[in-house]
2 protein chains.
Amino acid sequence: MPRMLTLTRHAGDLSCVRAMRTLASGLCAALLLFTATAVQAEDGYALWLRYAAPDAGAAGPSATRVTQLVVAGSPGVPSATREELQRGLAGLQGGAPANGDAVTRAGALLVGTPAASPQIARLGLDLDGLGGEGYRIRSAVVDGHATTVVAANEDIGALYGAFHLLRLLQTGQPLDGLDIREAPRLAVRMLNHWDNLDRYVERGYAGQSIWDWHRLPGWLDPRYTDYARANASIGINGTVLNNVNANADVLTPMYLDKVAAIAGVMRPYGIKVYLSARFSAPMEIGGLDTADPADADVQRWWRTKADEVYALIPDFGGFLVKANSEGQPGPQDYGRSHADGANMLADAVAPHGGIVMWRAFVYSDEEPVDRAKQAYNEFVPLDGTFHDNVLVQVKNGPIDFQPREPFHPLFGGMPKTPLMMEFQITKEYLGFSTHLAYKAPLYEEVLDADTHVQGPGSTVARVIDGSLDGHALTGIAGVANIGSDRNWSGSHFDQANWYAFGRLAWNSDLSSRDIAVEWTRMTFSNDPAVVEPVVGMMMASREAVVDYTGALGLHHVMGRGHHYGPGPWVEGGPRADWTSVYFHRADGNGIGFDRTRRGSDAVSQYAAPVAEVFDDVTRTPEEFLLWFHHVPWSHPMRSGRPLWDELVLRYDRGVETVRGMRETWAGLDGRIDAGRHAQVAAFLAIQQDEAQWWRDASIAYFQSISGRPLPAGVAPPPHPLEHYKALEFPHAPGDTQ
Amino acid sequence: MPRMLTLTRHAGDLSCVRAMRTLASGLCAALLLFTATAVQAEDGYALWLRYAAPDAGAAGPSATRVTQLVVAGSPGVPSATREELQRGLAGLQGGAPANGDAVTRAGALLVGTPAASPQIARLGLDLDGLGGEGYRIRSAVVDGHATTVVAANEDIGALYGAFHLLRLLQTGQPLDGLDIREAPRLAVRMLNHWDNLDRYVERGYAGQSIWDWHRLPGWLDPRYTDYARANASIGINGTVLNNVNANADVLTPMYLDKVAAIAGVMRPYGIKVYLSARFSAPMEIGGLDTADPADADVQRWWRTKADEVYALIPDFGGFLVKANSEGQPGPQDYGRSHADGANMLADAVAPHGGIVMWRAFVYSDEEPVDRAKQAYNEFVPLDGTFHDNVLVQVKNGPIDFQPREPFHPLFGGMPKTPLMMEFQITKEYLGFSTHLAYKAPLYEEVLDADTHVQGPGSTVARVIDGSLDGHALTGIAGVANIGSDRNWSGSHFDQANWYAFGRLAWNSDLSSRDIAVEWTRMTFSNDPAVVEPVVGMMMASREAVVDYTGALGLHHVMGRGHHYGPGPWVEGGPRADWTSVYFHRADGNGIGFDRTRRGSDAVSQYAAPVAEVFDDVTRTPEEFLLWFHHVPWSHPMRSGRPLWDELVLRYDRGVETVRGMRETWAGLDGRIDAGRHAQVAAFLAIQQDEAQWWRDASIAYFQSISGRPLPAGVAPPPHPLEHYKALEFPHAPGDTQ
């Protein structure tokens with residue numbers, strides 16, 4: 001595997017370097033030249049698991065050396081844990097330590113469970129409350145030898161602890177005096193792949209699906225193993241393999257054999273496989289003439305199908321369902337409720353310990369008064385009627401993964417139902433894979449949002465972790481940005497969004513900045529001259545996208561269908577709530593969607609203290625102004641500027657931030673390997689061009705509506721509005737097929 | 001770039017090894033362990049340009065060392081030549097030699113043209129008749145120093161010579177006493193990419209298109225450069241970027257900017273870019289209401305479009321056109337001939353030196369008496385009417401890239417028109433990318449076929465190289481098997497089909513076995529214990545596919561649409577000549593398509609001596625028996641067996657050959673790097689399963705028609721025919737979208 005290649009290379013080169021240095025041989029110069037080049041060459045495939053040797057000079061990883069590796073346990077998860085530690089230490093230390101069955105020397109690393117390791121058992125560590133996935137990392141003395149201990153109740157906890165330890169080494173932290181206690185806040189931490197069976201990825205910008213269905217089960221791409229390693233390293237424990245716009249074929253025997261093969265690769269890494277289930281599958285592949293959840297044959301078909309799946313995959317996770325949304329079939333086709341549909345499927349998998357994740361992203365075929373209100377209106381009446389093994393999966397905001405949305409009013413609105421967060425990792429609305437946009441601040445903003453449903457501190461994080469309403473079944477999903485591109489995510493920086501999602505899924509209290517720092521140190525360098533500017537770019541990047549695509553609460557103003565580039569003029573077509581004008585409502589007098597009590601009254605879906613703020617134009621945070629209010633172009637902003645001027649200046653600010661990111665990155669030339677530096681530089685150039693395009697087209701359009709002059713010193717768009725409206729991109733990637 | 005990474009790694013490791021050996025350091029052992037692993041790790045990205053250091057022990061590359069590298073010339077092709085030689089020698093010799101402006105020491109390598117290098121000019125080498133692309137490689141004494149000289153009339157010839165020299169080193173041949181004189185037989189040697197603008201590849205089994213249209217021109221994937229290097233290394237000098245089932249959008253300004261960016265990467269490697277032109281483009285993107293080639297506005301539109309293209313890409317190659325075939329628009333839509341259409345486009349590009357390649361793969365919408373006859377009937381009457389810069393591109397056989405077809409009767413049938421060969425490199429009908437099928441024997445068989453149009457020796461090779469009819473404009477095209485898969489072609493062995501196509505395009509006299517040997521030595525190892533068995537597998541592989549998919553002249557018996565797996569029962573649908581029963585004509589009495597004078601008379605499209613053989617069931621080679629004759633199941637074969645028994649035994653023979661290939665490959669475990677060995681082993685297991693499936697399903701079907709018992713000792717199919725007919729593969733890759 002390429003990964004192993006890179007590692008053994010580092011190892012070999014470093015051994016050389018060390019030997020050479022001790023010999024001052026004439027060959028040293030040439031040798032160091034070669035090794036330096038080799039060590040720096042990167043293509044992104046290794047993700048944040050590069051296990052690179054310390055950067056020459058810079059404050060590198062810990063000098064602590066592990067002298068002996070003892071991983072207790074039999075094949076399966078313990079073997080994967082042992083291999084990962086050998087691989088990681090070989091890279092970080094320039095050679096793998098000796099393996100042992102028991103600690104026999106100082107500097108050992110002891111990993112496992114009390115059940116598998118008598119030495120761990122004798123330490124009598126308190127592992128209560130860590131559950132199966134938690135772990136402790138402790139500096140201890142084992143049979144007289146100074147040892148670093150990673151202990152857990154179950155093997156998977158030990159694997160997570162091992163990755164934590166490797167992260168400490170990768171980020172240059174010492175191994176002395178460790179006393180770490182970690183357990184995940186959420187039970188289900190998963191990726192959703194919107195991948196079709198022909199390998200097309202809906203909203204995918206990183207090549208094809210990594211699932212090579214045609215060559216499965218005969219060919220198990222080593223990439224599957226590296227995918228599992230990367231996910232386990234950040235605590236992800238589930239993956240939905242296929243698109244929520246599902247094809248029933250994935251439930252046929254031929255495909256279930258392929259799914260089982262993938263599950264076999266995921267198992268040693270604690271990752272359960274799930275499938276998106278098409279609600280009409282009993283008709284499409286079952287030969288029934290209905291999919292009515294109240295029909296006995298339909299119920300029997302799903303029970304039998306579940307038995308078939310679990311016979312092949314005993315630890316199968318369950319089903320994810322998108323029903324009665326955007327044309328997908330569902331229980332409402334038969335006059336049944338979402339709960340009727342979800343419960344029928346839940347009963348089929350319940351005997352096997354499976355769960356059903358039922359998506360709340362629904363809106364009827366009739367155009368609603370306010371699409372933002374619909375999920376709440378449909379689901380709140382069903383609160384308390386879902387069976388115990390059902391999670392309702394709710395997108396972070398009420399519309400659809402926009403660069404900024406207020407939190408979804410369902411959070412806090414269904415106390416009797418466990419709600420699962422759905423974030424989008426792939427950047428459908430944030431510049432595809434060429435724009436640098438670090439999404440952790442978006443995730444953090446939503447998780448920290450206070451619903452006030454049980455008074456101050458009723459954060460969205462506490463809704464989904466079950467602590468607010470006492471739910472044990474909890475979860476979070478991220479729509480994956482993973483594809484067949486060599487660097488997995490299409491761009492090197494998009495790897496950070498995958499990484500940050502996993503870290504926040506494990507612990508929502510982590511700060512997006514701290515996550516950016518550890519990711520940067522592992523992915524690029526521990527050199528502060530790299531870490532600080534890179535983290536600075538990342539932390540400014542999401543707000544830049546908000547600025548150049550439409551700030552102050554504007555939303556859904558992108559190109560139609562493919563969602564590539566600006567489209568504030570989009571109108572007409574099949575339904576009003578698929579247009580831009582429906583959402584921004586700009587006219588000669590003003591702009592914004594009135595969702596106050598005097599308008600669509602969407603504000604009333606929030607708890608009173610929140611509703612009052614959003615209902616009051618003077619108290620609504622300016623970043624949500626046009627989401628909740630229709631205000632005059634002359635509306636005075638806190639800056640003292642009228643809304644129109646403020647909006648225009650935000651577009652310019654967004655472009656300016658990108659320009660600054662480009663400068664910063666250019667300054668890192670030589671400190672980042674040439675391959676990755678070149679691609680990021682090229683993508684930042686694309687981003688600057690496209691930010692300018694968003695800015696120019698949006699200003700041209702809104703000025704044609706507002707009729708107001710540009711603020712002094714602001715450059716007019718270089719082309720007339722018609723130029724921007726005429727641009728077409730019929731082959732843009734990721735559109736719904 | 002990964003390639004550079006691998007190289008520098010080799011270089012570094014080898015310096016270590018050498019240094020270590022001189023020091024007998026205690027670190028040696030560990031070091032060698034690391035480097036050994038590193039050197040062996042491969043993922044196929046490097047293709048046949050691995051430039052690997054000599055295999056320890058085995059008969060490795062030449063011990064000759066190049067001590068100095070002198071490449072004469074300025075930026076562009078000479079720079080690419082210099083970089084390739086530095087890269088190659090660094091890998092092969094464990095370090096790049098010194099660069100110089102002139103030869104100053106023994107063991108130098110001098111590369112260039114007499115115009116660029118006074119030292120080459122002074123040698124007075126005879127370069128007459130080599131043209132611009134030919135070269136000489138000569139061991140000579142330059143200013144008193146023993147030197148290897150690569151000389152050519154133009155820079156591109158020197159680049160081709162440099163790759164030839166690197167091939168000598170890679171395959172372990174000495175550099176002493178060299179006197180090589182090479183020039184290509186054909187002027188245009190190109191790949192045809194059936195790649196759509198959304199990166200879907202028609203009949204592609206290696207991932208997405210390598211052309212990342214959406215991120216072009218802002219992002220130039222380093223893969224484009226490696227693609228150019230690989231093609232230049234085998235003499236390919238042209239590439240058609242988009243599918244012959246073309247989309248007119250590629251001719252819009254937005255896409256032409258992207259095409260120009262690719263052309264810029266190809267230029268230093270002597271590769272011209274071409275585009276497939278959609279005949280109705282003047283209507284789709286030109287706003288005209290007709291595409292009639294006789295219409296003055298249409299002619300003007302194409303001239304203007306050509307001017308636009310050449311303004312961006314001065315060395316643009318020209319257009320490839322699929323017209324009036326399988327639903328594509330064309331001149332016949334307006335009552336004009338193929339010549340009318342081709343000449344109109346040819347006149348548009350002629351002022352710029354461009355050419356038009358007009359495909360002869362046509363068949364009318366009405367179902368013909370015999371589809372095999374149609375291209376001949378439509379094109380022969382047009383012989384002599386095409387303008388000078390038109391090539392008519394003819395598939396190797398009269399149907400469509402089957403595992404075996406007789407040569408196309410148009411070869412020899414249009415003496416006044418330069419005909420261009422179209423081979424398929426991608427394995428649409430030979431097992432996609434998982435079956436090992438080396439196609440060079442197929443290419444060789446066609447090129448060596450004797451048309452007899454001007455007496456014995458009128459081979460197809462002499463038709464296309466212009467020597468038979470005195471044409472200067474000559475060419476050959478291969479439908480690419482290249483995609484975004486890490487190993488480019490989907491499987492490691494499919495790389496050999498790309499390689500062999502290029503080598504035969506350069507010199508049709510090369511033997512497929514010799515090509516297999518040099519490819520294997522460069523791709524896997526110079527170890528005879530590897531070369532001999534691997535070449536044996538390759539040389540047997542194509543006949544195995546013929547056997548297990550349907551031997552003795554059977555053709556077009558695959559699954560409908562996707563062409564995956566067996567489908568001899570395919571009937572009905574839009575047109576009879578898209579079914580299997582149309583082609584095999586099996587009934588209770590016998591099987592085969594009667595194309596004799598008593599049947600469709602397709603035989604009469606061949607020259608008399610050939611026609612007489614094909615018309616006579618006793619003289620027709622058995623591999624074409626059922627192509628030309630409908631014979632009884634009891635027809636006596638040369639083996640003495642009745643046809644039915646012979647056919648059944650061929651199916652078994654095919655499966656048996658694959659089983660043997662698996663055994664042979666398993667025996668190479670340890671001699672091939674683990675990564676590539678594992679994938680090939682997995683694919684051979686898939687191939688054996690699918691060969692068995694082809695065999696079982698075909699025998700089950702044909703036995704249901706023949707009603708005859710299986711020969712003694714032959715195992716009956718494990719399932720009833722209905723089982724095989726019921727299998728469906730709606731998501732199989734590569735189907736026409």
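Quick note on labels: first sequence line is chain A, next is B, and so on, each numbered from 1.
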Between atom CG of A:Asp221 and atom CZ of B:Arg486, what is the distance when rounded to the nearest 0.5 Å? 12.0 Å
Checking heavy atoms, do the side chain of A:Asp212, its backbone, both or neither come under 4.5 Å from chain B? neither
Considering non-hydrogen atoms only, spot the tightest contact between A:Ala682 and B:Trp219 and give its length. CB-CE3, 3.6 Å
Test side chain to side chain contact (heavy atoms under 4.5 Å, CB included), reference A:His731, set B:Val250, B:Asn196, B:Asn247, output is B:Asn247
Please classify the contact between A:Leu197 and chain B as side chain, backbone, both or neither, with a heavy-atom cut-off of under 4.5 Å. both
Which heavy atom of B:Gln208 sits nearest to which heavy atom of A:Gly207, and what is that distance? OE1-CA, 3.0 Å
Shorter than 4.5 Å, heavy atoms on both sides: which option in A:Pro733, A:Ala732, A:Gly490, A:Ser433 has the most such pairs with chain B? A:Pro733
So for A:Glu728, is it side chain, backbone, both, or neither that comes closer than 4.5 Å to the heavy atoms of chain B? backbone
Close side-chain approach of A:Phe729 and B:Met254, heavy atoms under 4.5 Å: yes
Those residues that, when tested against A:Glu284, pass salt bridge (Lys or Arg N to Asp or Glu O under 4.0 Å) (two or more places apart): A:Arg278
Which class fits the ring pair B:His214 and A:Tyr564: parallel under 30°, tilted 30 to 60°, perpendicular over 60°? perpendicular
By a 4.5 Å heavy-atom criterion (distance strictly below it), what part of A:Tyr200 contacts chain B: side chain, backbone, both, or neither? neither
Inspect the contact between B:Asp485 and A:Arg215 and indicate whether a charged nitrogen and a carboxylate oxygen are less than 4.0 angstrom apart. yes
Which heavy-atom pair separates A:Asp249 from B:Pro730 by the least distance, and what is that distance? OD2-CG, 3.5 Å
